[in-house]
Peer 1: 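Below you'll find the structure I mean.
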Amino acid sequence: MNHSTAKQAFILGTLIALGAFGIDTYLPAFPAIAKSLNVTEGQVQLSLVSYFIAMAAGQMIYGPLSDRIGRRVPLQFGLGLFIVASVGVALTTSIEALIALRFIQGLGACAGMVLSRAIVRDIKHGEEAARLFALMLLVLGVSPIVAPLVGSTLLTVMPWQALFWFQAGLGLLGFALAAKFLGETHPHERRTRDHVGALAKTYASLLTDRRFILPVMIGGLSQSVMFAYLTTSPFLYMTHYKVHPSLYSILFALNAIGLIGTAQGNVYFIRKFGTTKLVQFATLIQVSFAALLLISVLAGFDSLLLAGFCLFLCIGVQGLIGPTTGMLSLEPYPEMAGAASAVSGTLQFALGAVSGSVVSLLFNGTAAPFALVVFSCAALGVVLSRMVIKPEPIEAAA
């Protein structure tokens, strides 16, 4: 690996991780924010849902826009939006403003996530592109481990507003790195001239194609389990199970490590079992432990150890389901992979926002709404994996 590739991976990975830091850093602060603003934790959860909604909507904006006018201007605009919104959240005194500013913050963070992938497609091809993507994902994979630890550490010495000043600082770092080291990678001669109607026709063709929409839905439902977890984990661990914010960060990091670990073994399992059997097996694991979590909560014998074990497996198998269904959904569309990626990301973030919203709306001070939503999403995913994905020969011999 040369120095240039490492530098590109660090910069682009940092831009993608900005969106994750916007989520993970402030999760340990949910109880403190609720107390400070004199609201319930369920209302604070809506600030995370609004962020998810913005991340979903933004992908449909930045992708086509950057194809028309280049990557640099939309990226700088998004990073600037993230910085301004982060400062606004740090200064807010109402839950309504918090929810609205988190939406704007999500729109800004989305630029780094979408345009970093586009930049890789601009500057690298084949194995070089795959290697750069892998290095970027390694940078991204560190964020769910580091961000909650940073958040809980800051909370021990500063009020919750400091977390958003920290996020504003990260945004400034990303803006400076992009301005200094990332030039325009999408030249005029390669920019699209398609009008809005042509783009809408492309999106419509994807949404009505079973080869695309069904793997996307399976992956989205599995991702919704993780989004529900992100929305509820601060309440579940720190309020329901009474753990300290530092211990919460460690538990959160363990789940992230499990997710990263399974994702690293994804290619091996695809070669050994084939995509269909892998998705079916992984969704079965997810629904089984989601069911165990729900039964234990409803029966009144839930515990931190049991819930943590169930969630470790429910979240961990997302590392198998997400990449595999993503490959299945994009494989038939080499000529419009960018549009397919944008639609896929939007739908999956939208499903995640719905799952988070339902948990927040059903919030009653217990773990039951969370467990019910997790089980429902996992159950729908396992049904689709058996009814929709056609059986295929096992690729063990490959």
Peer 1: Pairs under 3.5 angstrom only: tabulate donor-acceptor contacts from the side chains of residues 167-176 to other protein residues two or more places apart or in another chain.
Peer 2:
{"unit_1": "Gln167", "atom_1": "OE1", "unit_2": "Gln105", "atom_2": "NE2", "d": "2.7"}

Peer 1: Say whether Thr324 and Thr275, considering side chains only, have a donor N or O and an acceptor N or O under 3.5 Å apart.
Peer 2: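 Distance-only check fails for Thr324 and Thr275.
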Peer 1: Are Ile213 and Thr208 packed together at the side-chain level, in the sense that at least one heavy-atom pair is separated by less than 4.5 angstrom?
Peer 2: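 Side chain of Ile213 against side chain of Thr208, heavy atoms only: no contact under 4.5 Å found.
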Peer 1: Regarding Ser47 and Tyr26, is there a side-chain donor-to-acceptor distance under 3.5 Å anywhere?
Peer 2: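 Ser47 vs Tyr26: donor-acceptor pair found between side chains.
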Peer 1: Below 6.0 angstrom between ring centroids: does that apply to Phe289 and Phe312?
Peer 2: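 No: the rings miss the under 6.0 Å criterion.
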Peer 1: Please list all pairs meeting side-chain hydrogen bond (donor to acceptor under 3.5 Å, both in side chains) that have one or both residues in residues 247-262, counting only residues at least two apart or in different chains.
Peer 2: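 The answer is Ser152-Ser249, Tyr229-Asn255, Ser233-Tyr248.
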Peer 1: Taking atom types as modelled, is there a side-chain donor on Gln318 or Ser222 under 3.5 Å from an acceptor on the other?
Peer 2: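 Yes, side-chain donor-acceptor contact under 3.5 Å.
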Peer 1: Can we call the ring centroids of Phe273 and Phe281 under 6.0 Å apart?
Peer 2: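 No.
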Peer 1: Side chains of Phe103 and Leu98, heavy atoms from C-beta outward: is any pair under 4.5 Å?
Peer 2: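 No, too far: nothing below the 4.5 Å cut-off.
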Peer 1: Less than 4.5 Å apart, side chain to side chain, heavy atoms only: is that true for Thr92 and Ser94?
Peer 2: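 Yes; the side chains approach each other to less than 4.5 Å.
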Peer 1: Closest heavy-atom contact between Pro74 and Ala111?
Peer 2: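 The answer is O-CB, 4.0 Å.
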Peer 1: Given side chains that start at C-beta, do those of Leu91 and Trp165 come closer than 4.5 Å, heavy atoms only?
Peer 2: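 They are in side-chain contact.
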Peer 1: Do Val359 and Leu372 come close enough that some side-chain heavy atom pair is under 4.5 Å?
Peer 2: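 Of all side-chain heavy-atom pairs linking Leu372 with Val359, none is under 4.5 Å.
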Peer 1: Are Phe370 and Leu305 grouped together when hydrophobic residues (ILVMFWY) are joined by side-chain heavy atoms under 4.5 angstrom apart?
Peer 2: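 Phe370 does not cluster with Leu305.
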Peer 1: Going by heavy atoms in the side chains, are Leu294 and Val374 under 4.5 Å from each other?
Peer 2: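 The answer is no, as the side chains (C-beta and beyond) never meet within the 4.5 Å cut-off.
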Peer 1: Any side-chain to backbone donor/acceptor pair from Ser116 onto Met113? Under 3.5 Å, distance only.
Peer 2: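 Answer holds: no.
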Peer 1: For the residue pair Ser50 / Arg102, report whether a side-chain donor-acceptor contact shorter than 3.5 Å exists.
Peer 2: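 Looking only at side-chain atoms, Ser50 and Arg102 do not form any donor-acceptor pair under 3.5 Å.
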Peer 1: Could you check if a side-chain atom of Leu230 sits within less than 4.5 angstrom of a side-chain atom of Asp24, using non-hydrogen atoms only?
Peer 2: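 They are in side-chain contact.
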Peer 1: What's the shortest heavy-atom distance between Met238 and Pro28, and which atoms?
Peer 2: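 Of all heavy-atom pairs spanning Met238 and Pro28, the closest is CE-O, 3.2 Å.
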Peer 1: Between Phe363, Phe30, Tyr241, which is the residue that forms a ring-ring contact (aromatic ring centres under 6.0 Å, His included) with Phe235?
Peer 2: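 Testing Phe235 for a ring-ring contact (aromatic ring centres under 6.0 Å, His included) against Phe363, Phe30, Tyr241 leaves exactly one candidate, Phe363.
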Peer 1: Around Asn364, counting heavy atoms of other residues, nucleotides and ligands shown, do more than 12 lie under 6.0 Å from its CG?
Peer 2: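 Counting neighbours around CG of Asn364, more than 12 heavy atoms of other residues, nucleotides or ligands fall under 6.0 Å, so yes.
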Peer 1: Find out whether Ile95 and Ile99 are in side-chain contact, i.e. whether some heavy atom of one side chain is under 4.5 Å from a heavy atom of the other.
Peer 2: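 SC-SC contact between Ile95 and Ile99 confirmed.
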